[in-house]
Amino acid sequence: MSIKNISCVIIVKDGASTIKETLESLKSFQDVVLYDNGSSDGTLEIAKNYPNVNLVQGEFSGFGPTKNQAAAFAKSSWILSLDADEILPPSLVGELKMLKLDNEKEVFILKRDNYFLGKEIKYSGWGRDYLTRIYHKNYHNFNQNMVHEFVELKNDTKKTELKNSFKHNAVQDINQFLQKIIKYSDLASKDKKTCCFLVVLLRAKWAFIKTYFLQLGFLDGWRGFVIAMFNFNGKFFRYLKRYINSRTK
């Protein structure tokens, strides 16, 4: 079965609220690399209950670089990259078992179903969420982005989209949004500058309009409005911090 030739790689910090469900869904894998960045909430204790988990502890150096660091510990060259709040359903695991992994230039694209406080989000930019998550690490890697990382493709990359999707428990607690605004805006503004405050306002306003109206976020009800406001605040504080960087001597 090809699943024996796939290593699942996850980076995590304080993922105790979701990591058990994630690891339960990965019992069919022989090699699961859990690259921990300093958890103190019970994540490590949960991980130790799974004999197929290779627990590694290391520093966080941005999402792209850290995912590449974690992949270096994988026993297989084929990597399935997951987050600590993502779950593989049996249907997708079954599909993975049937894959022909004979071309290192091939990547596999998966659809992610995003959930907000227990309900799937169909719009708000979350509905059509297709991501490259399976790749051969000798030919492909994540880029060096601190946030919004993705697997870099090449001119001769073969892209194959899988039929079955996986679940993303994106938001279980509204405080996660507030924490992400702080963390992501810090990462995205580091060593960067914005010289005009008008840019701060326009970027934030456009993020809301795009999410709520153009991406039909209003059809997701109050959850869609909250997501639009999250995107507004995320952009606002990202570019505000860049503006402050430009004013600091």
Side-chain angles (χ1 to χ4, degrees), residues 3 6-37 39 41-44 46-47 49-50 52-56 60 62-64 66-71 73-74 76 78-97 99 107-122 124-135 137 140 142 145 147-151 161-173 176-177 179-180 183-184 223 227 230:
I3 199 168
I6 301 175
S7 291
C8 184
V9 178
I10 304 168
I11 65 172
V12 63
K13 181 177 181 180
D14 293 336
S17 63
T18 59
I19 195 64
K20 182 177 180 179
E21 188 175 5
T22 298
L23 296 180
E24 282 288 329
S25 75
L26 301 176
K27 284 185 173 181
S28 298
F29 289 81
Q30 294 183 348
D31 183 39
V32 177
V33 176
L34 190 65
Y35 190 88
D36 181 79
N37 305 145
S39 294
D41 67 342
T43 296
L44 304 183
I46 295 172
N49 294 319
Y50 295 88
N52 63 334
V53 171
N54 175 20
L55 184 59
V56 180
F60 179 80
F63 284 98
T66 304
K67 288 187 176 183
N68 289 331
Q69 292 168 19
F73 292 92
S76 300
W78 285 99
I79 305 298
L80 166 60
S81 179
L82 288 179
D83 293 338
D85 54 4
E86 295 175 340
I87 301 99
L88 298 193
S91 58
L92 179 54
V93 173
E95 187 175 6
L96 295 181
K97 291 179 179 179
L99 293 182
V107 299
F108 296 90
I109 300 170
L110 283 65
K111 183 179 184 296
R112 182 169 67 175
D113 300 328
N114 296 294
Y115 284 75
F116 184 111
L117 298 180
K119 183 177 180 179
E120 185 177 358
I121 299 299
K122 298 290 188 179
S124 306
W126 288 17
R128 293 187 56 80
D129 196 7
Y130 291 88
L131 304 165
T132 299
R133 287 300 187 87
I134 302 176
Y135 63 94
K137 66 178 181 180
H140 294 98
F142 278 90
N145 287 6
V147 294
H148 305 306
E149 73 290 351
F150 56 86
V151 176
E161 186 176 312
L162 300 188
K163 295 179 180 179
N164 293 283
S165 59
F166 65 98
K167 181 180 179 181
H168 179 209
N169 280 321
V171 179
Q172 310 95 46
D173 184 326
Q176 287 179 273
F177 264 176
Q179 294 164 359
K180 284 184 177 181
K183 181 176 181 178
Y184 285 22
R223 289 175 173 84
I227 293 170
F230 166 76

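Please read these numbers as outputs of a predicted model, since none were measured by experiment. Hydrogens, waters and symmetry mates are skipped; everything else that's a heavy atom, side chains included, is used.
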Participant: Are the side chains of L80 and W78 in contact, using a 4.5 Å heavy-atom criterion?
Facilitator: no
Participant: On a heavy-atom basis, which atom in S165 and which in D113 lie closest, and how many Å separate them?
Facilitator: OG-OD2, 2.6 Å
Participant: Going from CG on L44 to CG on D36, what distance comes out if it is rounded to the nearest 0.5 angstrom?
Facilitator: 4.5 Å
Participant: At what distance, to the nearest 0.5 angstrom, does CG of L131 lie from NZ of K111?
Facilitator: 10.0 Å
Participant: Within a reach of under 6.0 Å around NZ of K180, are more than 12 heavy atoms found that belong to other residues, nucleotides or ligands?
Facilitator: yes
Participant: Any side-chain heavy atom of E21 sitting closer than 4.5 Å to one from N169?
Facilitator: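 Yes, their side chains come closer than 4.5 Å.
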Participant: Do the rings of Y135 and F142 sit parallel, tilted or perpendicular, given the 30° and 60° boundaries?
Facilitator: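 Aromatic pair Y135/F142 classed perpendicular.
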Participant: Can you find a heavy atom in the side chain of F29 that is under 4.5 Å from one in the side chain of L88?
Facilitator: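 In contact.
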Participant: So does K20 get a backbone contact from the side chain of N49, meaning a donor-acceptor N/O pair under 3.5 Å?
Facilitator: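 Not a single qualifying donor-acceptor pair exists.
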Participant: Test of understanding: with ring pair (Phe, Tyr, Trp, His ring centres under 6.0 Å), list the residues that count as partners of F108, not counting sequence neighbours.
Facilitator: none
Participant: Tell me the closest heavy-atom pair linking E120 and K122, and the distance in Å.
Facilitator: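 For E120 versus K122, the nearest heavy atoms are OE1-NZ, 3.5 Å.
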Participant: Any non-hydrogen side-chain atom of P90 less than 4.5 Å from a side-chain atom of V93?
Facilitator: no
Participant: With side chains defined as the heavy atoms from C-beta onward, is the minimum distance between F150 and T132 less than 4.5 Å?
Facilitator: no
Participant: Between Y50 and E24, is any side-chain donor less than 3.5 angstrom from a side-chain acceptor?
Facilitator: yes
Participant: Tell me, which pairs form a side chain to side chain donor-acceptor pair (under 3.5 Å) where one or both residues lie in residues 80-90, sequence neighbours left out?
Facilitator: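 Every side chain to side chain donor-acceptor pair (under 3.5 Å) pair that includes a residue of residues 80-90, provided the two are not neighbours, is K67-D83, D85-H168, E86-R112, E86-R133.
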Participant: Under the 3.5 angstrom rule, does the side chain of E95 hit a backbone N or O of L162 as a donor-acceptor pair?
Facilitator: no
Participant: Step through it carefully: locate the ring centre of F63, locate the ring centre of Y184, and say whether they are under 6.0 Å apart.
Facilitator: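 Ring-ring flag for F63/Y184: true, centres closer than 6.0 Å.
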Participant: State, to 0.1 Å, how close L26 and C8 come at their nearest heavy-atom pair, and which atoms those are.
Facilitator: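 That closest heavy-atom pairing would be CD1-SG, 3.6 Å.
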Participant: Distance-only, no hydrogens or angles: does the K137 side chain make a donor-acceptor pair with backbone N or O of A74 under 3.5 Å?
Facilitator: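 Indeed, once roles are kept as given, a pair shorter than 3.5 Å links the two residues.
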Participant: Measuring from atom OH of Y130 to atom CZ of R128, what distance do you get when rounded to the nearest 0.5 angstrom?
Facilitator: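 The OH atom of Y130 sits 4.5 Å away from the CZ atom of R128.
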Participant: Could you state the interatomic distance from CG (L110) to CG (L96), rounded to the nearest 0.5 Å?
Facilitator: 7.0 Å
Participant: Enter the distance from S25:OG to L82:CG here, rounded to the nearest 0.5 Å.
Facilitator: 7.0 Å
Participant: Ignoring hydrogens and geometry, is there a side-chain-to-backbone donor-acceptor pair from D31 to S7 under 3.5 Å?
Facilitator: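 Answer holds: no.
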Participant: Let me confirm one number: the OG-NZ distance from S91 to K163, rounded to the nearest 0.5 Å.
Facilitator: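 One finds 12.0 Å between OG of S91 and NZ of K163.
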Participant: Quick one: closest heavy-atom pair of S76 and I79, and the distance?
Facilitator: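 Scanning both residues completely, I find the closest heavy atoms to be O-CD1, 3.7 Å.
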Participant: Could you report the tightest heavy-atom contact between D173 and L117, atom names first, then the distance?
Facilitator: N-CD2, 3.9 Å
Participant: If you compare all heavy atoms of W126 against all heavy atoms of N114, which two are closest, and at what distance to 0.1 Å?
Facilitator: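 Nearest heavy atoms, W126 then N114: O-ND2, 3.0 Å.
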Participant: Cut-off 3.5 Å, no hydrogens considered: what does the side-chain donor-acceptor table look like for residues 9-18, sequence neighbours left out?
Facilitator:
from, atom 1, to, atom 2, distance (Å)
D14, OD1, S40, N, 2.7
T18, OG1, A84, O, 2.7

